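Note that this is a predicted model, so its numbers are computed, not measured. Values reported hereafter were calculated over all heavy atoms of this structure, with side chains retained and with hydrogens, waters and symmetry mates removed. For this chain, numbers begin at 1 and follow the sequence in order.
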Amino acid sequence: MTIRTRNRLNISLFVIANFFLLAEIILLVFSIFTGRFSFPEVTIDNNSTFILTRYFPYAVLASLYIQIIYVSVTSIILYRSFEKTQASDIVYFYLFLIACLADSFRLFIPLLGIAETYSNLLIFCGNATVFAKILMPLSLLCTVILNTVEQRQDIEKNIFILILISIFFAGFIPLNTAVTCPNFAVDYSYKATLKVTTIILLCASVIALYFDNKSHMHRQRTTIGFGLISAGMYILYESTNLLKLVIAFGALIAGNILYLKELHNQYMWND
């Protein structure tokens, strides 16, 4: 993938993220003023009454908008930081951002009031969430393990395979459209399996990055930052209370600063 193509992809992602953000802000304001806004009925397994740990649907709503803002801000940071470098492997991080954007489709469920409607739009939102849950850890893992010069010529093929795998399993995993999860996602099968697999892949990514930095005698700031981004986005998906929301938000900010700044310095040094 050429630098020009990668930059165009970056700008496109920035534009799409901002379009989604603007559209969903307008939709939220419209639904509130028309009195149509309401949170879906969800199955809550948290009996806490403490203000920071009890279920708080507004925290879920805020987490979804934060997710879109994160994609928008990070995409423009990537463009400014890597516009003129040969960082072709950073495209896998773009896939991670695309997965974050796809996961934000959960926001349409409360904004459009489509919970338990069994509509095609509800099914699409459910499939988009599962697609994102699969693509997120895979793209982060590939960001780490496919960053060699030899792998750069296979980027387009690898991207196609990652997206194809995510689409296949998103269509294969059954949805339970009668149930809405506390994070506004459509309930789906194999949640425990997918959760364990995600944790394993994220941990493997952090470990692989640690050893890669060690072998190249790089500082471990990217490892710490990458770990914070992975943990932050994982917690943000589960942000059903204020405590999780604050932790996820802080982890994403700190992770971006550490990971992207240090990665930029590494590429500037290599180039």
Side-chain angles (χ1 to χ4, degrees), residues 21 24-25 27-29 31-32 35-71 73-74 99-101 103-116 122 125-126 129-130 132-133 136-137 140 175-203 206 224-259:
L21 180 61
E24 288 174 344
I25 289 176
L27 192 58
L28 176 62
V29 173
S31 61
I32 291 175
R36 297 179 180 179
F37 178 79
S38 63
F39 291 114
E41 293 185 9
V42 299
T43 303
I44 303 173
D45 54 2
N46 180 10
N47 297 320
S48 175
T49 57
F50 183 55
I51 187 171
L52 292 179
T53 56
R54 70 185 182 188
Y55 178 69
F56 191 54
Y58 288 100
V60 184
L61 191 69
S63 71
L64 288 165
Y65 279 102
I66 288 173
Q67 199 162 302
I68 303 173
I69 294 172
Y70 174 80
V71 175
V73 172
T74 303
C100 295
L101 202 58
D103 182 58
S104 69
F105 275 58
R106 290 182 283 138
L107 192 54
F108 287 114
I109 295 177
L111 292 185
L112 298 177
I114 59 175
E116 300 180 15
L122 180 63
C125 292
T129 299
V130 178
K133 287 285 289 181
M136 276 185 191
L140 288 177
L175 300 175
N176 183 4
T177 53
V179 177
T180 303
C181 298
N183 63 348
F184 303 158
V186 178
D187 191 31
Y188 55 90
S189 301
Y190 309 111
K191 281 196 295 186
T193 302
L194 198 55
K195 180 177 291 188
V196 172
T197 303
T198 298
I199 293 174
I200 291 174
L201 290 177
L202 292 179
C203 290
V206 175
I224 298 172
F226 189 86
L228 287 173
I229 291 173
S230 302
M233 192 54 68
Y234 182 85
I235 297 172
L236 191 67
Y237 177 80
E238 303 287 349
S239 290
T240 54
N241 57 53
L242 288 174
L243 181 60
K244 289 181 180 179
L245 180 64
V246 171
I247 293 174
F249 184 67
L252 286 173
I253 292 178
N256 260 26
I257 293 173
L258 285 172
Y259 178 69

*Asks:* How many angstroms lie between CG in L61 and CG in L107, if you round to the nearest 0.5 Å?
*Replies:*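 Rounded to the nearest 0.5 Å, the CG-CG separation comes out at 6.0 Å.
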*Asks:* Run the numbers on T129 and V186 for side-chain contact (heavy atoms from CB on, under 4.5 Å), then give the verdict.
*Replies:* CA-CA 8 Å; T129 299; V186 178; over 6 Å; no
*Asks:* Determine yes or no for a side-chain-to-main-chain donor-acceptor pair under 3.5 angstrom, with Y65 supplying the side chain and E24 the backbone.
*Replies:* yes
*Asks:* Could you state the interatomic distance from CD1 (I199) to CG (L194), rounded to the nearest 0.5 Å?
*Replies:*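 Answer for the CD1-CG pair, I199 versus L194, is 10.5 Å.
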*Asks:* Write down the atom of L111, the atom of F37, and the distance for their closest heavy-atom approach.
*Replies:*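 Distance-wise, the nearest heavy atoms are CD2-CE1, 3.9 Å.
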*Asks:* Looking at side-chain heavy atoms only, is the closest gap between L64 and I68 below 4.5 Å?
*Replies:*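 Heavy-atom side-chain distance check fails, nothing below 4.5 Å.
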*Asks:* Restricting to non-hydrogen atoms, name the atom on T197 and the atom on T193 that form the minimum distance, rounded to 0.1 Å.
*Replies:* OG1-O, 2.8 Å
*Asks:* CE of M136 to CG of L202: how many Å apart, nearest 0.5 Å?
*Replies:*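 M136 CE to L202 CG: 10.0 Å, rounded to 0.5 Å.
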*Asks:* Can you find a pair of side-chain heavy atoms, one from N176 and one from Y188, that are under 4.5 Å apart?
*Replies:*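 The answer is no; the side chains never approach within 4.5 Å.
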*Asks:* Look up atom CZ in F56 and atom CG in L243, then write down how far apart they are to the nearest 0.5 Å.
*Replies:*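 So the CZ of F56 and the CG of L243 are separated by 13.5 Å.
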*Asks:* Report yes if the side chains of L52 and N241 come closer than 4.5 Å at any heavy-atom pair, otherwise no.
*Replies:* no
*Asks:* Just wondering, do I44 and T240 contact through their side chains at under 4.5 Å, heavy atoms?
*Replies:* no
*Asks:* Give the minimum heavy-atom separation between P40 and T180, together with the two atoms involved.
*Replies:* CG-CG2, 4.1 Å
*Asks:* Under 3.5 Å, is there a donor-acceptor pair between the side chain of T74 and the main chain of V71?
*Replies:*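 No.
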*Asks:* Say you draw a straight line from CD of Q67 to CG of L236; how long is it, rounded to the nearest 0.5 Å?
*Replies:* 5.0 Å
*Asks:* For P182, does its backbone N or O pair with a side-chain atom of Y55 as donor and acceptor, under 3.5 Å?
*Replies:*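 Yes, Y55 side chain to P182 backbone: donor-acceptor pair under 3.5 Å.
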*Asks:* Mind telling me whether F39 and Y58 have parallel, tilted or perpendicular rings, with 30° and 60° as the class edges?
*Replies:*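 Plane angle over 60°, so perpendicular.
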*Asks:* Mind checking whether F108 and F105 have parallel, tilted or perpendicular rings, split at 30° and 60°?
*Replies:*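 Ring orientation of F108 relative to F105: perpendicular.
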*Asks:* For the CG atom of D103 and the CG atom of N183, what is their distance to the nearest 0.5 Å?
*Replies:* 7.5 Å
*Asks:* Could you walk me through whether S63 and K244 pass side-chain contact (heavy atoms from CB on, under 4.5 Å), step by step?
*Replies:* CA-CA 9 Å; S63 71; K244 289 181 180 179; over 6 Å; no
*Asks:* Check the pair C125, R106 against side-chain contact (heavy atoms from CB on, under 4.5 Å), reporting the backbone distance first and the verdict last.
*Replies:* CA-CA 6 Å; C125 292; R106 290 182 283 138; over 6 Å; no
*Asks:* Take Y70 and I229 through the test side-chain contact (heavy atoms from CB on, under 4.5 Å) and record every step on the way to the result.
*Replies:* CA-CA 11 Å; Y70 174 80; I229 291 173; 3.6 Å; yes
